[in-house]
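First up is the structure itself, then whatever we jot down about it.
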Amino acid sequence: MLITTTNTVEGKKIVKYIGLVTGETIIGANIFKDLFAGLRDIVGGRAGSYEQVLREGKNTAVNEMQQYAAAMGANAVIGVDLDYETVGSGGSMLMVTASGTAVILEDIPNY
């Protein structure tokens, strides 16, 4: 399924707008990730464990949105937006949401 942040797909006509689709996930970072990220704050560098949590959250939210769109008969999702927020006591959890518009494009097979 085609997933794009743009509102159109170059060279393709949108045959039908199906509607809004979303995917959400909330992921907790554990104490070990917090500890090692804190050390990174002191010595500098990238916090790979948090980057992995961000990637996992994004992938889960986008996959859920894609499954929802496919169930509605779409073959693409356009105008996709990703949002990240911290939730929970002390911001200990990461919420990732993906939203877009499910559409049917001409000449693209349904999945």
Side-chain angles (χ1 to χ4, degrees):
M1 173 174 295
L2 179 65
I3 306 291
T4 181
T5 58
T6 62
N7 292 321
T8 60
V9 177
E10 187 174 341
K12 296 294 178 190
K13 179 181 176 184
I14 297 173
V15 176
K16 182 178 181 181
Y17 289 87
I18 297 175
L20 176 69
V21 288
T22 62
E24 304 85 16
T25 188
I26 297 178
I27 298 176
N30 68 35
I31 190 167
F32 296 112
K33 289 179 183 175
D34 288 342
L35 175 65
F36 290 120
L39 291 174
R40 284 283 182 205
D41 283 345
I42 294 168
V43 298
R46 295 173 63 169
S49 58
Y50 278 125
E51 290 173 354
Q52 179 59 35
V53 170
L54 283 171
R55 276 191 295 275
E56 181 183 335
K58 176 195 63 104
N59 290 340
T60 301
V62 170
N63 286 338
E64 185 177 294
M65 178 189 67
Q66 182 178 352
Q67 289 173 8
Y68 185 33
M72 296 172 72
N75 63 5
V77 180
I78 61 170
V80 173
D81 179 58
L82 297 171
D83 289 308
Y84 299 86
E85 296 290 332
T86 56
V87 295
S89 61
S92 61
M93 302 190 78
L94 175 69
M95 178 177 68
V96 183
T97 59
S99 60
T101 303
V103 297
I104 297 176
L105 296 176
E106 67 180 354
D107 302 328
I108 304 266
N110 286 10
Y111 291 87

Heavy atoms only: give me the nearest [X]-[Y] pair and the separation to one decimal.
X: A69; Y: V77; value: CB-CG2, 3.5 Å
X: A61; Y: V96; value: CB-O, 3.8 Å
X: L82; Y: A98; value: CD2-CB, 3.5 Å
X: M65; Y: V80; value: CE-CG2, 3.8 Å

Quickly, which of V103, L2, I3 forms a side-chain contact (heavy atoms from CB on, under 4.5 Å) with I78? Name it, please.
V103
With a sphere of 6.0 Å drawn around OH of Y17, does it hold more than 12 non-hydrogen atoms of other residues, nucleotides or ligands?
no
For [X], which residues count as a side-chain contact (heavy atoms from CB on, under 4.5 Å) partner, sequence neighbours excluded?
X: T8; value: none
X: I26; value: V87, M93, M95
X: M72; value: I18, V21, Y68
X: L20; value: T22, S99

Spatial distance of atom [atom1] ([X]) from atom [atom2] ([Y]) [nearest 0.5 Å]:
X: N75; Y: M1; atom1: CG; atom2: CE; value: 6.5 Å
X: L94; Y: K58; atom1: CG; atom2: NZ; value: 13.0 Å
X: K12; Y: E10; atom1: NZ; atom2: CD; value: 11.0 Å
X: T25; Y: N59; atom1: OG1; atom2: CG; value: 10.5 Å

Using only atom types and a distance under 3.5 Å, with no angle test, would you say the side chain of E64 pairs donor to acceptor with the backbone of E24?
yes
List in chain and number order the residues that pass side-chain hydrogen bond (donor to acceptor under 3.5 Å, both in side chains) with T5, two or more places apart in sequence or in another chain; answer none if no residue qualifies.
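None.
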